[in-house]
Each structure stands twice: as structure tokens, then as C-alpha cells.
Amino acid sequence: MDDSEKDFNLKVVLVSFKQCLTDKGEVLLDHYIASWKGLVRFLNSLGAVFSFISKDVVSKLQIMERLRSSPQSEHYTSLQSMVAYEVSNKLVDMDHRSHPRHPHSGCRTVLRLHRALHWLQLFLDGLRTSSEDARTSTLCSEAYNATLANYHSWIVRQAVTVAFCALPSRKVFLEAMNMESSEQAVEMLGEALPFIEHVYDISQKLYAEHSLLDLP
Ligand SMILES: CCCCCCCCCCCCC/C=C/[C@@H](O)[C@H](COP(=O)(O)O)NC(=O)CCCCCCCCCCCCCCC
């Protein structure tokens with residue numbers, strides 16, 4: 001963790017998920033993208049071993065930013081408006097095709113990030129509730145095996161497992177959050193997690209209602 005990251009506070013990133021939600025329960029895409037950019041910045045601070053992961057997230061965020069700055073941008077203000085627009089205009093590949101027509105639809109791109117948000121939620125909760133001597137790599141892989149692993153190829157799963165071994169101890173990880181103490185970091189996780197869970201739950205319900213949870 002180099003000094004320039006010292007002023008970077010994970011709490012700001014995790015709590016920023018709160019801004020994604022409107023009082024009507026919409027998930028605003030600009031804030032969703034901004035929160036993910038914060039997560040990528042934190043991930044990059046953990047070391048180059050995770051660069052293959054952050055590169056994939058950055059490429060997906062770029063797809064979403066292109067949609068947000070396209071002539072159709074007003075349809076992409078929220079996940080709800082995005083789903084309504086892409087589904088009603090048949091801009092989403094609903095099943096595997098030999099020649100995908102919409103390989104970079106907003107719906108399928110956000111679905112990949114949405115699944116990763118579930119991993120993050122389980123990992124952070126594991127970090128929060130585990131004992132002092134818990135191994136971060138175990139917490140990470142347990143959360144991964146319960147979520148993203150189900151959607152990844154064998155090769156990706158192998159690469160991820162190797163990357164997990166590079167993770168610092170729980171104590172060092174909590175310190176990397178730039179809070180005063182481990183206790184403060186655990187408390188912060190308890191405050192921030194509900195915001196992530198709320199965004200995840202609303203997105204999950206939206207995707208389930210439109211049968212979009214298995215987009216290729
Ligand atoms: C803290 C260490 C971070 C461990 C991250 C665990 C999840 C690892 C997932 C690795 C996948 C990377 C390779 C990409 C595979 C893609 O094929 C695959 C599918 O996309 P496609 O259908 O377009 O191909 N991509 C994905 O599933 C997206 C994966 C995104 C993973 C983001 C992981 C979270 C990053 C934020 C970490 C911040 C940690 C903060 C903790 C205090």
C-alpha cells in the first residue's frame with residue numbers, strides 16, 4: 001500500500017453504495033459505476049496480482065459509461081430504466097447464440113458486476129464476523145465458491161485461487177482500510193454492509209422479475 005493510497009478510505013467507497021438508491025428504490029447507474037470505480041481503486045492497491053480482475057471490471061465499467069454517454073443515455077439512468085429499455089427493444093441476448101447480437105448489453109454487463117457484488121457482500125460479512133486469526137484467503141475463497149465460482153470457467157477459478165493466496169492476513173487487511181483500528185474497521189463494515197445488501201437485493205429482484213439472471 002503506497003502512501004498515495006493512505007488518504008484513500010474504503011469506508012467512503014462502501015458507504016457510497018447508499019447513494020445508488022433513490023427513495024423509490026431505483027438503483028442509479030452513475031453512482032453504481034462510481035462505487036465500483038472506488039472498489040477497483042482499492043483492489044489495485046492490494047497489488048498487481050489482482051490486475052487481471054480489475055482489468056475485467058474496468059472493461060465492464062467502460063461499457064456502462066459508453067451507454068451512459070450514448071444518444072440513448074436517458075434510458076440508462078437506473079438499472080430499472082436500463083432493463084425496461086433493453087428488454088422492450090430486444091437489445092439483450094436472452095439465450096446462447098452462435099453469433100451473439102448484443103454481447104455487450106447493459107443488462108448482461110451489470111449482471112456480471114451484480115454477481116461480484118454478492119461475492120463482496122459475503123466476503124465483507126466474513127471479514128466482519130470472523131475471528132482475529134481467520135485467514136483472508138479462506139474468507140475470500142469461501143465467499144467466491146458460494147457465488148462467482150458457479151459462473152466461472154475452470155481456468156478462471158484456478159487463477160483466482162492463486163491470487164487469493166497473495167492476500168494479507170485479516171489484521172493487515174483491516175488495517176488497509178485506513179480506519180483507526182481493527183475494531184473501527186469491523187464497525188465500519190457493519191454500517192456499510194446494509195447499503196451493499198440493499199442494492200444487491202433490489203437488483204436481484206429486478207433481474208429475477210425479468211428472467212435475466214442467466215444472461216449468457
Ligand atoms: C480482495 C481480493 C479480490 C478478490 C476478488 C474475488 C473475485 C474474483 C473474480 C475474478 C474474475 C476475473 C476474471 C474475469 C472473468 C470474466 O469472465 C467474468 C465474466 O465476465 P464475461 O462473461 O464478460 O467474461 N467476470 C466477472 O465475473 C466479473 C468479476 C468481477 C470481480 C470483482 C471482484 C471485487 C473487486 C472489489 C474488491 C474490493 C475488496 C474490498 C474488501 C475490503
Side-chain angles (χ1 to χ4, degrees), residues 12-43 53-124 143-144 146-153 156 192-216:
V12 169
V13 176
L14 298 181
V15 171
S16 77
F17 276 95
K18 181 178 182 182
Q19 289 157 0
C20 296
L21 288 174
T22 67
D23 48 13
K24 286 193 293 177
E26 292 164 306
V27 180
L28 298 176
L29 197 53
D30 288 342
H31 288 294
Y32 193 81
I33 293 168
S35 297
W36 265 104
K37 281 184 167 180
L39 288 174
V40 167
R41 195 169 152 213
F42 185 86
L43 182 63
I53 300 173
S54 50
K55 279 197 188 82
D56 184 69
V57 180
V58 167
S59 65
K60 289 174 167 55
L61 294 178
Q62 284 167 346
I63 292 171
M64 298 318 297
E65 286 181 318
R66 271 200 296 277
L67 291 169
R68 267 305 276 149
S69 55
S70 73
Q72 292 76 29
S73 65
E74 80 273 11
H75 295 296
Y76 291 90
T77 47
S78 70
L79 298 196
Q80 287 80 359
S81 59
M82 170 186 76
V83 165
Y85 171 66
E86 291 197 347
V87 169
S88 54
N89 290 281
K90 299 199 181 345
L91 296 172
V92 192
D93 290 338
M94 296 302 284
D95 43 34
H96 280 281
R97 296 164 183 269
S98 47
H99 301 291
R101 291 173 53 215
H102 307 288
H104 297 311
S105 68
C107 285
R108 70 101 52 204
T109 303
V110 166
L111 177 61
R112 273 44 183 187
L113 297 174
H114 170 67
R115 288 169 176 169
L117 202 58
H118 194 205
W119 166 81
L120 181 65
Q121 182 186 320
L122 297 190
F123 170 54
L124 293 181
Y144 179 69
T147 56
L148 283 169
N150 301 302
Y151 303 99
H152 288 167
S153 64
V156 168
L193 260 169
F195 303 134
I196 296 177
E197 284 164 6
H198 203 177
V199 169
Y200 176 79
D201 292 344
I202 289 178
S203 308
Q204 184 71 7
K205 190 165 165 288
L206 173 70
Y207 269 69
E209 277 165 3
H210 292 82
S211 310
L212 298 171
L213 285 171
D214 297 315
L215 293 177

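All heavy atoms count here, side chains included; hydrogens, waters and symmetry mates do not.
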Scan residues 100-113 for pairs that pass side chain to side chain donor-acceptor pair (under 3.5 Å), counting only residues two or more places apart or in two chains.
none

Holding to side-chain contact (heavy atoms from CB on, under 4.5 Å), I want the full list of residues that pass it with Phe195, two or more places apart in sequence or in another chain.
Val15, Phe17, Lys18

Review item, side-chain donor-acceptor pairs of residues 206-216, under 3.5 Å, at least two apart:
from	atom 1	to	atom 2	distance (Å)
Tyr207	OH	Cys107	O	2.6
Glu209	OE2	Lys205	NZ	3.0
His210	ND1	Leu206	O	3.0

With a 4.5 Å cut-off on side-chain heavy atoms, are Ile63 and Arg66 touching?
yes

Working to the nearest 0.5 Å, report the span between CD of Glu65 and CG of Leu29.
9.0 Å

Here the gap from Leu21 atom CG to Leu28 atom CG, rounded to the nearest 0.5 Å, amounts to 8.0 Å

Can you find a pair of side-chain heavy atoms, one from Leu61 and one from Leu113, that are under 4.5 Å apart?
yes

The criterion is side-chain contact (heavy atoms from CB on, under 4.5 Å); which residues satisfy it with His118, sequence neighbours excluded?
Gln121, Leu122, Thr147, Tyr200

Just jot down the salt bridge (charged side-chain N to carboxylate O under 4.0 Å, His left out) partners of Lys55, sequence neighbours excluded, or say none.
none

So, taking the atom named OG in Ser54 and the one named CG in Leu43, what distance separates them when rounded to the nearest 0.5 Å?
5.0 Å

Checking side chain to side chain contact (heavy atoms under 4.5 Å, CB included) for the pair Asp95/Arg97: CA distance, chi angles, key distance, verdict?
CA-CA 6 Å; Asp95 43 34; Arg97 296 164 183 269; 4.1 Å; yes

Side-chain heavy-atom pair Leu14, Leu124 within 4.5 angstrom cut-off
yes

Straight-line distance of Leu111 CG to Gln204 CD, nearest 0.5 Å
8.5 Å

What is the distance from atom NE2 of His114 to atom OH of Tyr32, rounded to the nearest 0.5 Å?
7.0 Å

Check against side chain to side chain contact (heavy atoms under 4.5 Å, CB included), Val83 and Val110:
CA-CA 10 Å; Val83 165; Val110 166; over 6 Å; no

CA sep, side-chain torsions, deciding dist, call: Leu39, Val57, side chain to side chain contact (heavy atoms under 4.5 Å, CB included):
CA-CA 10 Å; Leu39 288 174; Val57 180; over 6 Å; no

Could you walk me through whether Phe42 and Val13 pass the side chain to side chain contact (heavy atoms under 4.5 Å, CB included) check?
CA-CA 9 Å; Phe42 185 86; Val13 176; 5.8 Å; no

Does some side-chain heavy atom of Leu67 sit less than 4.5 Å from a side-chain heavy atom of Tyr85?
no

Nearest heavy atoms of Phe123 and Ala143, plus distance in Å
N-CB, 3.6 Å

Using a 4.5 Å cut-off on heavy atoms from C-beta on, say whether the side chain of Tyr144 contacts that of His152.
yes

Residue pairs fulfilling side chain to side chain donor-acceptor pair (under 3.5 Å) with at least one residue in residues 72-81, sequence neighbours excluded:
Ser70-Gln72, Tyr76-Glu86, Thr77-Ser81, Ser78-Ser81

